[in-house]
Amino acid sequence: PGDEGTPGKDIFGGIIPIPIPEDTALKCGEGVELSEDCLQYTAKIQGHVKLSMDGELSVFPGIRIDGDVGNETGHVDFVGHIDISGMVQKGFSVKGKSLKAGELQGANIVIENDVDIMGGIYDSNVKCGGHLKVSHVHNSTIDASGDLSLSALSNQSVDATIVAVSVAVAGGAIGISGSGAGVGAENRIATNVGAFIDGIRADGGIVADSIALDAEDASFITADIAAVSVAFSCAPIGVAVAIAAVEATNEIGNIVLAAIDNADNGSGAIADGNNGVEARSGKITVEAEERSLIRAFALAFAVSGSSLVSGSGAGTSATNTTTTSTKARVRDSRIKAKTGIAVTASDESSIIAELPVIAISGSLVSIAGAVSLTDNTIGSTVDAFMQDSTATATKGDVDVTAQSNITVAANTLVVAISTALSGAVTSATSTIEGHTRAWLGTNSIVTAGEGDMAQGDINVLSSSNAAASTKLD
């Protein structure tokens, strides 16, 4: 309950009465209990105290900071979970039980359990007692008692369905009917996906139980396009013309990179996290994966009919292209793992093109023409390598693998039917180009099995499967 105040005086010496104090009853929220005499509120847990607008008092095990940790907030030292929507700015520290943040920029981080960083870590010192998740690391020192996961996952899709229909009918003594339907479509996907370590600090390295870098992309374009044109003349003297045309362009151009670069501060061999990248008890994996698919269906249908003269023309043209670069690498670095090292790059790209074209014309004098053209190209470069680096697997294997599986399938159906003159033309071109390579580059020192530990193998493998099929009817 509130204490009574003391009456005051105005400028004329009059007494100003005081209001009677009202008791304010706070409501107990999460993590708070009220004493039996209703005079004392006690926190049941350690955490962040919050009083809501409606008078509810709560204690939460976590704290959320909307924005950055910087001059406005100062350093953060909290006993529970810390959720930061922005970044931790240069020169500021965060200590707590667990942490989720957007980015670290020149920060000092000490966390008891797990750390989850949505963006990157730049010029920072991070120590955590659990697992650490991030997409990329630059010139930083990391000591994680659990696993270190660097992942960048991307999924893009375009699903286009376009249909154009035109119908014309003419009558009377002299009837002229004309119909045209046309569709043009362009679909493009282009993205860069990267999970990487680029540099370490001069006073330390990056160490965790196991370390995994995973960059993956999946891009899909599905295009269903149709143009239908119908023209008829019912007149005794009739002319009918129908034209249908489809043009489609579909492109995917992506770069996928998983890399450990410049992770060598020049202090010599890796020991207790003083240099390089080290997995204390598990593996180091560096994996880049690309999966792309273009499926294009383009239909052109034209039909015309009259008593005297008719003509139908239908044509499709489809250009489908994927151009991808997929790399997994260790360059200018020192890495060491307890149970093995794997550097893998893979690409699985496909194009499926189906182009049916039909032109039908019927009259005393008629002509029908159908044309189908498709050009399909897959350009894929896949590289897995180590260069100017020292890599040691205490026990277990060191694997460097590049693989690709590329397919192109083009199916065209061209039909031209006329009571007089008809013609049909089809052309399908399929091109697969690029390379798939795995190698150990210059100045690379690779060891599988160290000291008295069981010896492992060093495996460098490159495999490529490419198939192109064309069916012309």
Side-chain angles (χ1 to χ4, degrees), residues 117 120-124 126 132-144 147-152 192-202 204-216 255-271 273-289 325-346 382-394 396-402 437-448 458 460:
I117 307 300
I121 298 176
Y122 300 82
D123 303 301
S124 298
V126 180
L132 171 58
K133 294 181 179 180
V134 66
S135 63
H136 45 94
V137 176
H138 305 257
N139 300 317
S140 296
T141 296
I142 294 174
D143 186 349
D147 300 331
L148 171 59
S149 301
L150 297 95
S151 62
N192 292 344
V193 183
F196 51 88
I197 296 171
D198 186 7
I200 57 175
R201 295 176 69 108
I206 294 175
V207 59
D209 280 353
S210 65
I211 299 173
L213 292 86
D214 184 16
E216 296 183 20
I255 298 174
V256 181
L257 172 66
I260 299 176
D261 291 342
N262 307 307
D264 186 351
N265 59 21
S267 63
I270 295 175
N274 68 334
N275 189 14
V277 176
E278 180 181 5
R280 295 189 193 93
S281 57
K283 295 183 67 174
I284 293 177
T285 59
V286 182
E287 183 174 2
E289 180 182 0
S325 172
T326 310
K327 289 183 180 180
R329 72 184 182 218
V330 178
R331 188 173 63 182
D332 298 311
S333 298
R334 288 180 181 268
I335 64 173
K336 184 177 183 179
K338 183 75 171 181
T339 60
I341 297 171
V343 179
T344 306
S346 63
V382 182
D383 297 279
F385 64 94
M386 295 184 184
Q387 186 167 335
D388 298 311
S389 297
T390 299
T392 303
T394 306
D397 299 337
V398 177
D399 298 313
V400 180
T401 306
R437 303 182 300 191
W439 78 92
L440 298 178
T442 57
N443 302 316
S444 293
I445 302 173
V446 181
T447 305
I458 299 174
V460 181

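Values below: every heavy atom of this structure, side chains too, minus hydrogens, waters and symmetry copies.
- Closest heavy-atom contact between Asp264 and Gly266: OD1-N, 3.0 Å.
- Listed by chain and number, the residues in a side-chain contact (heavy atoms from CB on, under 4.5 Å) with Lys327 are Leu257, Ser325, Arg329, Asp383 (sequence neighbours excluded).
- Taking the salt bridge (Lys or Arg N to Asp or Glu O under 4.0 Å) definition, one finds that Asp209 meets it with Arg280, sequence neighbours left out.
- Taking OG1 from Thr442 and CD from Gln387, the interatomic distance works out to 4.5 Å, rounded to the nearest 0.5 Å.
- With sequence neighbours excluded, no residue forms a side chain to side chain donor-acceptor pair (under 3.5 Å) with Asp123.
- The shortest distance between side-chain heavy atoms of Leu440 and Ile458 falls below 4.5 Å.
- Scanning both residues, Gly396 and Ala448, for their nearest heavy atoms gives O-CB, 3.7 Å.
- Note that CD1 of Ile211 is 10.0 Å distant from CG of Leu132, once rounded to the nearest 0.5 Å.
- Residues that satisfy the side-chain contact (heavy atoms from CB on, under 4.5 Å) test with Thr390, not counting sequence neighbours, are Arg334, Thr392, Ile445.
- Contacts of Ser210 classified as side-chain contact (heavy atoms from CB on, under 4.5 Å), with partners at least two apart in sequence or in another chain: Asp147.
- Atoms CD1 and CD1, on Ile260 and Ile335 in that order, are 5.0 Å from each other to the nearest 0.5 Å.
- Atom CG in Leu213 sits 10.5 Å away from atom OG in Ser135 (nearest 0.5 Å).
- The CZ atom of Arg201 sits 11.0 Å away from the CG atom of Asn265 when rounded to the nearest 0.5 Å.
- Residues that satisfy the ring pair (Phe, Tyr, Trp, His ring centres under 6.0 Å) test with Tyr122, not counting sequence neighbours, are His136, His138.
- To the nearest 0.5 Å, the span separating CD1 on Ile206 from CG on Asn275 amounts to 10.5 Å.
- The two residues Ser333 and Ala263 make their nearest non-hydrogen contact at OG-N, 2.9 Å.
- Residues meeting the side chain to side chain donor-acceptor pair (under 3.5 Å) test with Asn192, sequence neighbours left out: none.
- By the salt bridge (Lys or Arg N to Asp or Glu O under 4.0 Å) test, Arg331 pairs with Asp261, sequence neighbours left out.
- The backbone N or O of Ala212 sits nowhere less than 3.5 Å from a side-chain atom of Ser149 that would complete a donor-acceptor pair.
- Considering only residues two or more places apart in sequence or on other chains, Glu216 meets the salt bridge (Lys or Arg N to Asp or Glu O under 4.0 Å) condition with none of them.
- Of all heavy-atom pairs spanning Thr401 and Ala384, the tightest one is O-CB, 3.2 Å.
- When all heavy atoms of Asp388 and Ser444 are compared, the closest pair comes out as N-OG, 3.3 Å.
- Taking all atoms of both residues into account, the shortest heavy-atom contact from Val400 to Ala438 is O-CB, 3.8 Å.
- Scanning for side-chain contact (heavy atoms from CB on, under 4.5 Å) contacts around Asn262 gives Asp198, Asp332, with sequence neighbours left out.
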